[in-house]
Amino acid sequence: MVWNWDLIFAIVVPSIGGWVGALSMLGEVSSPDGKAWYEQLRKPIWTPPNWLFAPTWLALYTAMGYASYLIYTDCGGFTDEAALPLGLYVTQLVLNWFWTPVFFKLHQLGWAFLHMCVLDGATMACMASFLLVNKLAALFLVPYLGWLAFATCLNYACWQMNRADDQPIKQ
């Protein structure tokens with residue numbers, strides 16, 4: 001059996017970054033006494049249950065990684081042709097990872113919403129660049145963009161429902 005290390009790397013890296021980002025959520029999402037920050041946050045009734053987030057992100061990160069692998073392969077590796085689509089991919093991936101601490105650790109719902117809007121734009125640019133190289137790779141990002149749209153709406157709703165609780169950013 002021959003291992004495709006490029007494919008394995010492409011699929012594993014997004015999830016590793018996601019899990020590292022998730023460390024900022026420790027103690028913020030749930031607690032035995034029910035007093036964790038996210039448990040106390042006012043949320044819309046259409047908020048998914050907490051258990052849904054981990055498997056959803058695992059599936060999305062896997063699809064994103066596979067899409068990046070298709071681009072890497074079709075462009076012949078890290079070539080000039082791959083620079084823009086893979087650069088946009090890395091940009092949106094890093095933005096994705098850093099949203100979690102802004103929202104969950106810093107409790108900055110407004111800034112997290114702005115961050116999410118930038119992430120949405122970066123992801124659309126990434127998808128457009130993928131489309132020019134490999135249509136299937138772009139299609140693998142469609143569920144991710146859909147989830148981001150939903151997450152953006154959820155972030156906005158949480159921000160609006162908890163605005164009185166916002167802490168001003170100290171300069």
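We're numbering straight along the sequence, starting at 1. What you see is a predicted model, and the numbers here were worked out from it, not measured in a lab.
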Determine, stepwise, if the pair His107 / Val102 fulfils side-chain contact (heavy atoms from CB on, under 4.5 Å). CA-CA 6 Å; His107 306 167; Val102 172; over 6 Å; no
Residues in side chain to side chain contact (heavy atoms under 4.5 Å, CB included) contact with Cys117, at least two apart in sequence or another chain: Phe113, Thr152
Return yes when atom CZ of Phe9 has more than 12 non-hydrogen atoms of other residues, nucleotides or ligands closer than 6.0 Å, and no otherwise. no
Which side-chain hydrogen bond (donor to acceptor under 3.5 Å, both in side chains) pairs, counting each pair once, include a residue from residues 73-83, with sequence neighbours left out? Asp74-Asn134
Mind checking side chain to side chain contact (heavy atoms under 4.5 Å, CB included) for Lys43 and listing every partner two or more places apart, or none if nothing turns up? Tyr38, Leu41, Thr47, Cys158
Cluster question for you: counting only ILVMFWY and a side-chain heavy-atom cut-off of under 4.5 Å, with indirect links fine, are Leu84 and Met127 together? no
Correct closest heavy-atom pair for Thr100 and Gly21 would be CG2-O, 3.4 Å
Does a side-chain heavy-atom distance below 4.5 Å link Thr123 with Tyr144? yes
Side chain to side chain contact (heavy atoms under 4.5 Å, CB included) filter on Val90, not counting sequence neighbours, yields Val94
Please check if the side chain of Gln92 supplies one atom and the backbone of Tyr89 the other of a donor-acceptor pair under 3.5 Å. yes
Below 4.5 Å, heavy atoms only, C-beta onward: do Pro101 and Leu106 meet side chain to side chain? no
Nearest-0.5 Å distance, OG of residue Ser68 to CG of residue Leu88: 13.0 Å
Derivation and outcome, side-chain contact (heavy atoms from CB on, under 4.5 Å), residues Tyr61 and Leu93: CA-CA 9 Å; Tyr61 281 141; Leu93 189 58; 4.1 Å; yes
Spell out, as yes or no, whether a donor-acceptor pair under 3.5 Å connects the side chain of Trp97 to the backbone of Pro14. yes
What pair of heavy atoms forms the shortest contact from Val133 to Cys75, and how long is it? CG1-SG, 3.8 Å
Is it true that Leu131 and Leu86 fall in one hydrophobic cluster, defined by side-chain heavy atoms closer than 4.5 Å? no
Residues that Val12 engages under side chain to side chain contact (heavy atoms under 4.5 Å, CB included), provided they are two or more places apart: Ile8, Ile16
Spatial distance of atom CG (Leu70) from atom CG (Leu7) [nearest 0.5 Å]: 8.5 Å
Could you walk me through whether Cys153 and Trp46 satisfy the side-chain contact (heavy atoms from CB on, under 4.5 Å) test, starting with their C-alpha distance in whole Å, then the side-chain angles of each, then the deciding distance to 0.1 Å, before giving a yes or no? CA-CA 10 Å; Cys153 293; Trp46 42 271; 4.1 Å; yes
Shortest non-hydrogen contact from Leu60 toward Pro143: CD2-C, 3.7 Å
I'd like to check the ring-ring contact (aromatic ring centres under 6.0 Å, His included) partners of Phe53; sequence neighbours left out, ordered by chain and number. Trp147
Kindly compute the distance separating CG (Leu119) from CG (Leu148), expressed to the nearest 0.5 Å. 5.0 Å
Could you grab the distance from atom OG of Ser129 to atom CD1 of Ile71, nearest 0.5 Å is fine? 7.0 Å
State which residues pass ring-ring contact (aromatic ring centres under 6.0 Å, His included) with Phe103; sequence neighbours excluded, sorted by chain then number. Trp37, Trp99
Taking Tyr156 as the starting point, is it possible to reach Val118 by hopping between hydrophobic residues whose side chains are less than 4.5 Å apart? yes
Quick check on the hydrophobic clustering: are Tyr69 and Leu141 connected, directly or via other members, by side-chain heavy-atom contacts under 4.5 Å? no
For Lys105, what residues pass the salt bridge (Lys or Arg N to Asp or Glu O under 4.0 Å) criterion, not counting sequence neighbours? Glu28
Sort and list the pairs that fulfil salt bridge (charged side-chain N to carboxylate O under 4.0 Å, His left out) and have at least one residue in residues 117-127, not counting sequence neighbours. none
How many angstroms lie between CH2 in Trp159 and CG in Leu114, if you round to the nearest 0.5 Å? 8.5 Å
Tracing side-chain contacts under 4.5 Å among Ile, Leu, Val, Met, Phe, Trp and Tyr outward from Val2 reaches none
Rounded to the nearest 0.5 Å, the CG atom of Leu95 sits from the CE atom of Met116 at a distance of 10.5 Å
Output all residues satisfying ring-ring contact (aromatic ring centres under 6.0 Å, His included) with Trp5, sequence neighbours left out; order by chain, then residue number. Trp3
Identify the two heavy atoms, one from Ser31 and one from Ala36, that lie closest to each other, and give their separation to 0.1 Å. OG-N, 3.2 Å
State yes or no: do Phe78 and Phe130 share one hydrophobic cluster built from I, L, V, M, F, W and Y residues joined by side-chain heavy-atom distances below 4.5 Å, directly or via other members? yes
Minimum-distance pair of heavy atoms, taken over all atoms of Thr56 and Leu52: OG1-O, 2.7 Å
Tell me, do Phe150 and Pro48 make a side-chain contact under 4.5 Å, heavy atoms counted? yes
State which residues pass ring-ring contact (aromatic ring centres under 6.0 Å, His included) with Phe140; sequence neighbours excluded, sorted by chain then number. Tyr66
